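Below you'll find the structure, written out as structure tokens, and then a few comments.
What you are looking at is a predicted structure, and each value in this text was computed from that prediction instead of being measured.
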Amino acid sequence: MTGTRGRIDKRQAILEAAFTVFARDGYRAASVDTVAATAGVAKHTIYNHFGDKQSLFRAAVAALADDALARNLAAIETLRPERDPVEALTKVGLKLAKCYCDEKSWAVRRLLQAELGSMPELQDIVRERATDKVNDALADRLARLALAGHLRLSDPAVAAEQFGALLTGPFDARSRLGTRKIPFNELAEVTQNAVQTFLRAFGVR
């Protein structure tokens, strides 16, 4: 068990170091040597765990997608049908906005945009491990709000996509693709606007 635990810890250290190096240097300029030095492991240890640089990059993206999934699901779980829909959606929307504007999230999106041409499967990794599951979880919570009489929905999955788009869409421009930190008052403003627009479309009049 001790050996297994050590292997898992070493793998995690490599993945964290890989993300740090890829986010800072970009995929093409980053080297396995730099990742090894950052992780404090031998270069051959990385090859033993991941095979090559491209596989390491995919694994780092997958690990970050898993982390994003956990944080987003934790936010969505706070959406309770017994609450006022404005209050409930605003609370969860602000949590999701913080997840979207997290520095790691921006770094992942920049890496994806830079490398999708040569590695289109990266988008599938993120979608299957995070995006689709987050949308499914949000759709389930919105369906509960509808059953409680707070929303009018014909398709909860479409409503979840719409809420996500209203919430995250403005941040790309406001943050200059993650190069400008969004202050809390802007996070709150965008969230409130998203909730108001969403409820005009799906709220119970």
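Residues forming a ring-ring contact (aromatic ring centres under 6.0 Å, His included) with Y100 (at least two apart in sequence, or on another chain): W106. Considering only residues two or more places apart in sequence or on other chains, E121 meets the salt bridge (charged side-chain N to carboxylate O under 4.0 Å, His left out) condition with R58. Residues satisfying the salt bridge (charged side-chain N to carboxylate O under 4.0 Å, His left out) test with E87, not counting sequence neighbours, are none. For the ring-ring contact (aromatic ring centres under 6.0 Å, His included) test, residues two or more places apart in sequence or in another chain that qualify with F202 are F198. Every residue meeting the salt bridge (charged side-chain N to carboxylate O under 4.0 Å, His left out) condition with R144, not counting sequence neighbours, appears here in chain and number order: D140.
We find the CG-CD distance between L116 and Q123 to be 5.5 Å, quoted to the nearest 0.5 Å. Note that CG of L64 is 8.5 Å distant from OG of S105, once rounded to the nearest 0.5 Å. Q113 contributes atom CD, which lies 6.0 Å from atom CG of L177 (distance to the nearest 0.5 angstrom). Interatomic distance, CG of L79 versus CG of L138, reported as 7.0 Å (0.5 Å rounding). From T90, atom OG1 reaches atom CG of D84 across 8.5 Å, with rounding to the nearest 0.5 Å.
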query: Yes or no on side chain to side chain contact (heavy atoms under 4.5 Å, CB included) for L96 and T191, after CA distance, side-chain angles and deciding distance?
result: CA-CA 9 Å; L96 290 173; T191 300; over 6 Å; no

- request: Would you please test E77 and R141 for side chain to side chain contact (heavy atoms under 4.5 Å, CB included) and show each step?
  value: CA-CA 8 Å; E77 286 177 3; R141 293 288 171 159; 4.0 Å; yes

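Under a hydrophobic clustering in which Ile, Leu, Val, Met, Phe, Trp and Tyr are joined whenever their side-chain heavy atoms come within less than 4.5 Å, directly or via other members, F171 and V126 fall into different clusters.
Between the side chain of R174 and the backbone N or O of E186, no donor-acceptor pair lies under 3.5 Å. Remark: side-chain polar atoms of T38 are paired, donor with acceptor, to backbone N or O of T34 under 3.5 angstrom. Side-chain N or O atoms of T20 include one that pairs as donor or acceptor with a backbone N or O of E16 at under 3.5 Å. Panel note: side chain N72, backbone A68; a donor-acceptor pair is recorded below 3.5 Å. For R127 (side chain) and D132 (main-chain N/O), no donor-acceptor pair under 3.5 Å exists by modelled atom type.
When the shell of 6.0 Å around CD of E82 is examined, it contains more than 12 heavy atoms from other residues, nucleotides or ligands.
For the residue pair N48/T45, the side-chain donor-acceptor check at 3.5 Å is not satisfied. Defined by atom type and a distance below 3.5 Å, a donor-acceptor pair is missing between the side-chain atoms of Q196 and Q192.
For K53 and Y27, the positive end sits near the middle of the six-membered ring, less than 6.0 Å away and at most 45° from its axis.
Residue pairs meeting the side-chain hydrogen bond (donor to acceptor under 3.5 Å, both in side chains) criterion with at least one partner in residues 151-168, sequence neighbours excluded, are absent.
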